[in-house]
Amino acid sequence: MGSLEEKVVVIMGASSGIGEATAKLLAEKGAKLVIAARRVNRLEEIKAAYPDNEIMVQQADVTNFEEVQKVIDTAVETFGRVDVLYNNAGIMPLAALKETRLDEWKQMLDVNIMGVLNGIAAVLPVMIKQKSGHVIATDSVAGHVVYPDSAVYCGTKFAVRAIMEGLRQEHREDMIKSTIISPGAVATELYQTIADKEAGEALYQDQLANGLRTIDIAEAVVFAIDTPERMSVSNMLIRPTTQVM
């Protein structure tokens, strides 16, 4: 296994949920971090909790390529390289198609798909030059199965799965790894992006009672990162034991 203390890891969407849990776990293991999100105050709290670690904080909206590029540039200027980019930012405003929530659909496309593509576009030149690297994206069980009231969300996650497999195929000879982490129900703040607040709260309460914890997914991410160069974990489906779908 590789030494995490030697890894430079960039995490997009690091201010809460799975991104925050992963940042904290990697900090505990001594990795060099560049953590990015829109809510800088949340990022500063993570950095303050690990005063002895090398952690850079950067404000960025994943839908803005220039801001994503600045995050990658900061990592290279500070640490000289990028070993891992974790594209974690995502939103999940669930609703039936008949509600025609056009604004929500576009926002999901921008964050869930273009956010991943912006990260890939910014980091690929660095990793190609290095002849090494690892791009990880938070996908979902919804990227493997479709269910009611989630058609567009599932569509964005299916797209991420296709894009990340394309990345693997196109850049395997550059020694660039591609991993999607596909969680089932996890208790995070994603429910807050659902317009129907009552439905969102019901989902969150179910996740608290029956779902995974963010640390469960963070440990999976760290496992994928801490693998030998010859080994690439392409996809990890992680469900609560009692989950049906």
Side-chain angles (χ1 to χ4, degrees), residues 12-13 16-19 21-22 62 86-117 119-120 135-169 177-224 232-245:
M12 308 300 299
S16 66
I18 293 167
T22 303
V62 297
Y86 183 18
N87 286 312
N88 174 66
I91 58 172
M92 189 182 70
L94 307 181
L97 286 170
K98 67 182 180 182
E99 295 185 24
T100 59
R101 295 178 179 267
L102 297 175
D103 290 344
E104 288 186 355
W105 296 351
K106 185 177 186 307
Q107 189 181 20
M108 269 192 280
L109 293 172
D110 287 345
V111 175
N112 295 358
I113 301 176
M114 283 309 303
V116 170
L117 286 170
I120 291 171
V135 179
I136 303 173
T138 300
D139 201 65
S140 173
V141 168
H144 302 261
V145 296
V146 180
Y147 46 92
D149 299 334
S150 305
V152 179
Y153 178 68
C154 292
T156 65
K157 293 303 185 177
F158 268 76
V160 168
R161 181 155 66 100
I163 290 163
M164 292 293 286
E165 172 60 12
L167 174 66
R168 185 194 71 79
Q169 293 181 19
K177 302 182 183 187
S178 166
T179 300
I180 58 169
I181 306 292
S182 297
V186 185
T188 72
E189 295 179 11
L190 264 184
Y191 77 98
Q192 294 179 0
T193 63
I194 299 173
D196 183 336
K197 297 307 177 187
E198 187 174 326
E201 182 62 29
L203 175 64
Y204 181 59
Q205 292 304 321
D206 182 64
Q207 291 170 341
L208 282 176
N210 304 303
L212 299 168
R213 298 296 178 258
T214 54
I215 186 60
D216 302 329
I217 309 304
E219 287 176 346
V221 174
V222 170
F223 170 81
S232 182
V233 179
S234 300
N235 178 22
M236 296 182 74
L237 265 163
I238 308 161
R239 292 181 175 92
T241 303
T242 59
Q243 181 169 317
V244 175
M245 191 169 291

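- Pairing each heavy atom of Arg168 with each of Ser234, the nearest pair is CD-OG, 3.7 Å.
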**OP:** Tell me, with the steps shown, if Lys106 and Leu102 meet side-chain contact (heavy atoms from CB on, under 4.5 Å).
**Re:** CA-CA 6 Å; Lys106 185 177 186 307; Leu102 297 175; over 6 Å; no
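- Nearest approach of Tyr153 to Ile91, heavy atoms of both residues: CE1-O, 3.3 Å.
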**OP:** Give the intermediate values and the outcome of side-chain contact (heavy atoms from CB on, under 4.5 Å) for residues Val62 and Asn87.
**Re:** CA-CA 9 Å; Val62 297; Asn87 286 312; 5.9 Å; no
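- Closest of all the heavy-atom pairs between Met236 and Ala224 is SD-CB, 4.4 Å.
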Subject >> Evaluation steps, side-chain contact (heavy atoms from CB on, under 4.5 Å), between Asp216 and Ile238 >> reply: CA-CA 9 Å; Asp216 302 329; Ile238 308 161; 5.6 Å; no
**OP:** Take His144 and Asp139, measure what side-chain contact (heavy atoms from CB on, under 4.5 Å) needs, and give me the verdict at the end.
**Re:** CA-CA 9 Å; His144 302 261; Asp139 201 65; 4.1 Å; yes
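- Checking side-chain atoms of Asn88 against main-chain N and O of Gly13 turns up a donor-acceptor pair under 3.5 Å.
- Here the straight-line distance linking atom OG1 of Thr138 with atom CG of Asn112 works out to 10.0 Å at 0.5 Å rounding.
- Shown here for Arg161 and Gly143, the closest heavy-atom pair between the two residues is NE-O, 2.7 Å.
- The shortest side-chain heavy-atom distance between Pro240 and Leu212 falls under the 4.5 Å cut-off.
- Between Met164 and Ile120, the closest side-chain pair of non-hydrogen atoms falls below 4.5 Å.
- Between Ala137 and Tyr86, the shortest heavy-atom contact is C-CE1, 4.2 Å.
- Rounding to the nearest 0.5 angstrom, the gap separating the CD atom in Glu165 from the CG atom in Leu167 is 9.5 Å.
- Interatomic distance, CD1 of Ile181 versus CZ of Phe223, reported as 10.0 Å (0.5 Å rounding).
- For the side-chain contact (heavy atoms from CB on, under 4.5 Å) test with Val152, the passing option among Met108, Gln107, Arg101, Glu104 is Met108; the others fail.
- Atoms CD1 and CZ, from Ile18 and Arg213 in turn, are 12.5 Å apart once rounded to the nearest 0.5 Å.
- Taking the side chain as every heavy atom from C-beta outward, Trp105 and Leu97 approach each other to under 4.5 Å.
- Judged by distance alone, the side chain of Thr179 and the main-chain N or O of Ile136 form no donor-acceptor pair under 3.5 Å.
- Shortest non-hydrogen contact noted between Gly90 and Val111 is CA-CG1, 3.8 Å.
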